[in-house]
Amino acid sequence: MSDPSEVYNHQTIKDVLDELERTAVSRIAAAESAEELEKLRLEFLGKKARLSLVLRSLGGVPPEERSGLGQRANLLRRSLEERLKEQSGKLSKVLKPRAFLDLTLPGTRPERGAVHPITRIIAQITDIFEKLNFEWVEGREVETAFYNFTALNIPEDHPSRDSFDTFFTKEGHLLRSQTSTVQIRVMEKRKPPLRIIAPGRVYRPDTVDASHSFMFHQIEGLMVDEKTTFSDLKGMIHVFLRALFGKKTKVRFRPHFFPFTEPSVEVDMSCFICDAKGCSVCGQKGWLEVMGAGSVDPNVFKAVGYDAKAVQGFAFGLGVERIAMLKYGITDIRLFYENDIRFLKQFQ
Amino acid sequence: MKVSLNWLKDYVTVKKSPEEIASVLTSGGLEVKGLESVPSLGDTLLEVEITSNRPDWLSHVGVAREVAALLGIPFKLPSCGSKQLRDRKTAPSVQIRDTGKCPYYTGCVLEGVEFGESPEIIRKRLEAVGLRPINLIVDVTNYVLLEMGQPLHAFDYDLLEGRKIIVRRAAGGEKITAINGDEIVMTAEDLVIADEKKSVAIAGVMGGKHSEVSSSTRNILLESAYFNPASVRRSSKRFNLASDSSYRFERGVDPVGVDLARERAIDLICRYAKRVEKISAVTQCGKNPFRKRVIRFPAELSAGILGVRIPEAKICGSLKALGLGVKRGGKGILSVSVPSFRADLERPVDLVEEVARIHGYDRIPETMPEIRPVAWEGKPLRRVETLLRDVFPGAGFNETVTFSLISEKILEKLGMDLTRMTRVVNPQNKELTLLRPTLFPSLLEVLKGNVYKGSGADLKIFEIANVFGGETSGELPPEEMTCGFALAGLRKNHWLEKARNYTLFDAKGVVEEVLAGLGIGEVLFQNAENDFFEECLTVSSRGESLGLIGRVSKTVRDYYDLPFDAFLGALFLKGLTAQASFERSFRALPKFPAARRDISIVVKETVHAKEIMDLIAAHHPAWIRQVEVADVYRGEKIPKGSKSMMFSIEYRSDDHTLTADEVSKVHEQLIELLKNRTEGSLRS
């Protein structure tokens with residue numbers, strides 16, 4: 001390296017050029033690393049490099065030698081630039097041994113929990129109905145006999161109450177045994193047209209076993225308008241079940257009895273596991289019982305103060321646990337309430 | 001109920017296979033749950049499930065009538081008239097003292113009856129449907145019950161004192177031994193059949209042991225009656241005593257069938273007994289409750305409700321097939337008379353269902369309703385719920401669903417006031433009686449269960465459910481939607497990071513995250529006391545209580561056998577919803593760059609981070625934009641009872657780029673201020 005303030009005389013210029021022409025190219029070719037090459041670049045072409053000084057000193061050289069030396073210096077500079085580039089390219093092609101990194105180690109996943117399978121099914125079902133213009137509503141869990149029975153056309157001392165075994169409190173209130181209570185609560189407050197979907201917890205003092213629990217979840221649906229027919233109910237339910245279980249789903253409607261609907265219907269769906277051919281899930285029947293429904297009984301309209309001659313509607317109800325068990329292949333209802341983390345995590 | 005196919009064929013000539021019959025009945029609403037072929041009897045049994053609105057199906061005749069209606073084939077009743085002469089003088093004495101509970105009671109005495117076992121046809125049919133044959137008299141009453149649906153009772157006439165029947169209410173505390181051996185103590189609400197001295201049967205529920213027909217019985221009083229359904233039901237429930245009789249009476253028997261069934265039974269006894277000396281005239285006490293009902297039925301109604309037009313002629317045909325009388329009036333109005341066995345048909349809409357059933361539900365088309373839009377109401381509570389179900393799983397919490405009914409034990413142990421809480425009086429599980437006032441016990445049970453099963457040491461759970469307050473006679477208990485959560489154990493150990501125990505700050509952090517998501521500001525965390533917690537913080541904003549968090553006390557930890565600390569929290573959705581704001585507004589991004597400076601200060605343990613942060617923020621509000629706790633350190637070089645806290649401070653001005661000198665000047669002043677105000681020293 002040289003002192004930048006220094007100026008070469010023409011003899012030194014010649015010496016420097018001679019030396020560089022002789023040695024520089026081979027030194028570049030011998031460089032083995034990018035660092036080494038960078039050092040050489042600075043030595044040969046940097047601001048403080050001798051060649052740079054040569055070029056700066058040309059002004060002081062006698063005119064007859066100036067153009068010859070100038071040409072030599074510039075030529076050398078270009079050639080060194082090329083050689084450096086060339087060598088850099090060569091070096092980059094040589095594979096450097098990298099530090100060993102075990103890429104089979106697992107990634108750092110952001111930790112995520114899951115919503116409960118019951119919530120998941122409720123969300124799937126309510127989403128479908130919300131897209132069909134139903135409104136999500138919630139009701140109370142502790143109720144009076146009026147909302148759970150009387151207004152729903154279930155008289156006292158009537159055997160129809162047998163299907164609705166109920167928990168009672170000291171003050172004669174009860175834990176709702178069905179989400180149909182929400183129908184009454186909403187109709188009392190609002191006028192048709194009405195379309196509601198109401199998920200929630202219900203309670204019946206059943207002995208707990210693989211398919212029964214004293215608390216479970218239902219979803220109630222209700223549509224009331226001037227001319228809502230039984231055929232509309234059939235269409236709506238089929239659309240819903242196809243959205244939930246797939247396009248191939250077939251439905252079967254059987255007469256049944258519910259005190260709050262007339263006509264009443266029990267809905268069977270073709271088994272989505274065996275395509276209605278018969279399997280262990282559907283008990284070789286090809287059909288699965290999935291929900292109850294019907295046209296709203298005029299007595300229910302009367303109980304909420306509607307003009308039973310001016311409105312018509314349908315209602316339906318389904319058990320969330322049953323749908324979840326079918327969809328996920330769960331065979332013991334108790335798993336839902338045991339909340340084993342290993343169970344919950346499966347529904348991420 | 002079991003139905004014998006051979007037996008059905010006495011009343012209806014049907015050639016279809018058992019499977020076809022089952023399918024027809026099921027799609028008609030009389031669900032056949034199973035078919036059982038009994039080769040030894042050459043019979044097939046249908047296991048049918050009968051809804052509570054159709055007591056007429058609780059008999060072979062009733063099921064046969066439905067088969068006939070659904071298939072459109074003829075049906076015939078069994079013969080019910082015995083030709084034997086009746087002796088007027090020996091008609092039994094019957095008195096009804098409560099016509100509300102028993103509107104109609106008939107009795108007939110058969111004298112000098114010699115009988116043994118029933119003929120093979122009766123025995124086999126009873127056995128097929130699961131009844132044990134006893135003797136001709138008892139078997140005939142059972143046979144007729146299963147055939148016609150009318151419960152009958154046979155008394156040993158000689159054992160009735162005064163040879164009298166009195167239908168009356170029991171005296172409170174009156175006792176009777178039922179045929180099944182149960183000793184029953186009755187109330188004044190129960191109806192009994194009595195002789196002059198004592199009760200001999202619980203009306204409609206079960207006969208008494210004392211006057212039961214035995215092989216030595218010679219004179220028989222045969223009872224056929226109509227009892228009030230609700231009254232029978234209440235007695236049956238009260239004594240937890242159900243029978244084939246009570247099951248039918250409480251659903252309502254066919255009033256006309258009362259007389260038919262009695263005559264059918266007399267006929268069978270006369271046919272199969274070795275000898276019947278004399279049959280008395282029938283005593284019919286009270287009034288047969290059957291009232292002929294005619295429904296005005298506009299045929300048009302069925303199209304309006306069902307959404308499909310069924311021709312009037314077909315509607316008439318369907319109703320007639322069901323045994324209803326139909327007269328066609330003008331303008332499409334039908335006068336439909338309802339037979340005695342169809343008390344469930346009261347209104348035109350009931351007939352619509354019958355028309356639909358016979359037409360076939362599957363032949364009704366599927367349509368989509370016209371939807372009129374409804375003004376949309378915002379549902380802020382649901383938005384809050386949705387956010388919670390987003391934030392908690394996003395932070396690694398798994399959602400649980402636990403029972404709303406809990407045991408009081410832990411609450412009792414913690415000395416909580418249990419008087420103002422709501423309980424169920426008929427629990428399914430004797431332990432689980434209390435409508436939970438908090439989600440904590442349920443969450444702790446889940447932690448315990450997972451620890452016990454070894455499901456993992458990193459436990460983070462949450463649940464959104466109602467908690468309940470106390471009820472009064474006039475008012476339902478308050479229900480408060482609450483989000484409870486729990487963290488316990490070791491925070492997940494990833495190979496790049498060190499595992500660590502959960503702390504209260506993990507609970508606090510998730511609450512802060514929720515509140516930020518809900519746009520709730522001015523949040524206040526305050527120390528509080530709580531039965532469950534060692535340390536507890538309440539959360540509020542603008543005076544509204546939003547929740548609480550805490551570390552469980554040793555008592556609680558021991559009660560649930562937890563091997564590590566547990567942190568619980570509860571957020572109240574009502575408060576969150578009231579304070580939540582889903583509006584967001586934009587603030588212009590800063591024009592000038594910020595400078596960051598740290599301060600480490602050693603202070604006494606009791607100095608709160610918040611005090612220092614407030615001091616920093618207030619020192620130069622125009623420039624100091626953010627203060628964060630960067631580190632809290634205790635240990636080497638720090639005196640006991642003290643801690644070193646490092647704060648990271650962001651300086652920024654809105655009108656120019658702060659120079660290093662400007663920042664340093666303010667920062668030096670801040671350091672001096674903190675040293676003075678916190679009695680702290682700088683950490684070198």
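Just so you know, these numbers come straight off a predicted model, no measurement behind them. All chains are named by letter (A, B, ...) in the order of the sequence lines, taking the proteins before the strands, and each is independently numbered beginning at 1. Atoms considered below: every heavy atom in the structure, side chains included; atoms not considered: hydrogens, waters and symmetry mates.
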Counting C-beta onward and ignoring hydrogens, is there a side-chain heavy-atom pair between B/L405 and A/M215 closer than 4.5 Å? no

Taking the side chain as everything from C-beta on, heavy atoms only, tell me whether B/L381 gets closer than 4.5 Å to A/E138. yes

Interface moiety of [X] toward chain B, non-hydrogen atoms closer than 4.5 Å:
X	result
A/D340	both
A/D165	neither
A/Y203	side chain
A/R190	side chain
A/V265	both
A/S264	both
A/F253	both
A/P259	neither
A/S295	side chain
A/R201	side chain
A/E262	both

In terms of side-chain geometry, is the basic nitrogen of [X] or [Y] positioned less than 4.0 Å from the acidic oxygen of its partner?
X	Y	answer
B/R491	A/E111	no
A/E130	B/R382	yes
B/E49	A/R254	no
B/K237	A/E156	no

Side chain, backbone, both or neither: which part of [X] has a heavy atom under 4.5 Å from chain A?
X	result
B/T472	backbone
B/F468	side chain
B/T433	neither

One should read off an interatomic distance between B/L476 CG and A/E141 CD, to the nearest 0.5 angstrom, of 12.0 Å

Hey, what do you get for CD (A/E338) to NZ (B/K453), rounding to the nearest 0.5 Å? 4.5 Å

Exam field: side chain [X] to backbone [Y], donor-acceptor pair closer than 3.5 Å:
X	Y	value
B/E399	A/H116	yes
B/T367	A/D232	yes
A/N339	B/V446	no

Of the listed residues (A/H256, A/K227, A/K170, A/K285), which shares the most heavy-atom pairs with chain B below a 4.5 Å separation? A/K170

